[in-house]
Amino acid sequence: YEGEYQTKAGSSNEFMNAFAGSVGSQSLVIGSDYIESEGERHEFEEIFVRESGTDKYLVFKEEGSEEAWKILDEDTLMQGNGLMNIKLVRIK
């Protein structure tokens, strides 16, 4: 899942979705063990794929904590799963 992604905020709530659309988007790069965004690099112990039932997640592990982004398809990830979420679409 390494590559450059464009972010897009969204929500299942109509009002929140309208607000999220006004936020705009940014690009970020996922590397083998880091994420780069707006000129800053955040390194992780490891980045790996975890399967849970029929779902897959890209897991970012560092110092005893993990953050998991849902894998929607080979070029699309989703961060968050509550009221607000950020969809990341690979552009390179």
Side-chain angles (χ1 to χ4, degrees):
Y1 294 93
E2 293 179 36
E4 185 174 345
Y5 290 80
Q6 191 74 35
T7 63
K8 182 181 179 198
S11 174
S12 57
N13 177 288
E14 192 174 322
F15 172 75
M16 293 295 285
N17 199 44
F19 172 75
S22 68
V23 172
S25 66
Q26 69 182 48
S27 64
L28 64 86
V29 175
I30 298 176
S32 59
D33 64 351
Y34 66 89
I35 293 178
E36 264 184 14
S37 178
E38 297 179 352
E40 292 186 28
R41 180 180 281 210
H42 187 92
E43 295 187 359
F44 296 90
E45 286 177 33
E46 73 179 303
I47 300 174
F48 61 94
V49 174
R50 174 180 293 145
E51 293 187 26
S52 177
T54 59
D55 294 327
K56 288 184 179 180
Y57 297 88
L58 190 61
V59 179
F60 301 87
K61 181 178 179 181
E62 67 174 336
E63 300 177 13
S65 67
E66 294 181 349
E67 182 173 345
W69 297 358
K70 188 170 185 176
I71 299 170
L72 301 181
D73 61 41
E74 287 296 314
D75 294 315
T76 312
L77 305 171
M78 186 169 61
Q79 182 182 12
N81 56 6
L83 189 57
M84 286 289 287
N85 57 59
I86 297 174
K87 204 176 263 190
L88 297 97
V89 179
R90 189 189 331 243
I91 54 175
K92 288 185 186 173

Flag the pair Phe44 / Glu67 as yes when at least one side-chain heavy-atom distance between them is below 4.5 Å, and no otherwise.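 When only atoms from C-beta onward are counted, Glu67 and Phe44 do not touch, as no gap falls below 4.5 Å.
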Measure from the side-chain N and O atoms of Ser65 to the backbone N and O of Glu62, and report whether any donor-acceptor pair falls under 3.5 Å.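 Yes, because the side chain of Ser65 sits within donor-acceptor range (under 3.5 Å) of the backbone of Glu62.
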Could you check whether any side-chain N or O of Thr7 sits under 3.5 Å from a backbone N or O of Gln26, counting only pairs where one atom can act as donor and the other as acceptor? yes
If you look at every heavy atom in Leu28 and Ser37, which pair is closest and at what distance? CB-CB, 4.0 Å
Calculate, to the nearest 0.5 Å, the distance between atoms [atom1] and [atom2] belonging to [X] and [Y] respectively.
X	Y	atom1	atom2	answer
Gln79	Lys87	CD	NZ	13.5 Å
Met78	Lys8	CE	NZ	13.0 Å
Leu88	Ile71	CG	CD1	11.5 Å
Trp69	Thr76	CH2	OG1	13.0 Å
Glu4	Ser27	CD	OG	4.5 Å
Ile30	Arg90	CD1	CZ	8.0 Å

Hydrophobic cluster membership, with links at side-chain heavy-atom distances under 4.5 Å among I/L/V/M/F/W/Y: are Phe48 and Tyr34 in one? no
Test of understanding: clusters of I, L, V, M, F, W, Y form through side-chain heavy atoms closer than 4.5 Å, transitively. Do Val49 and Val89 belong to the same one? no
Give the intermediate values and the outcome of side chain to side chain contact (heavy atoms under 4.5 Å, CB included) for residues Leu72 and Leu77. CA-CA 6 Å; Leu72 301 181; Leu77 305 171; over 6 Å; no
Quick check with a 6.0 Å cut-off and a 45 degree axis cone: is Arg50 positioned over the face of Tyr57's six-membered ring?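 Pair Arg50/Tyr57 does not count as cation-pi.
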Step-by-step side chain to side chain contact (heavy atoms under 4.5 Å, CB included) determination, Phe60 to Glu66: CA-CA 6 Å; Phe60 301 87; Glu66 294 181 349; over 6 Å; no
Modelled atom types, side-chain donor and acceptor of [X] and [Y], under 3.5 Å:
X	Y	answer
Ser52	Asp55	no
Glu2	Ser32	no
His42	Glu36	no

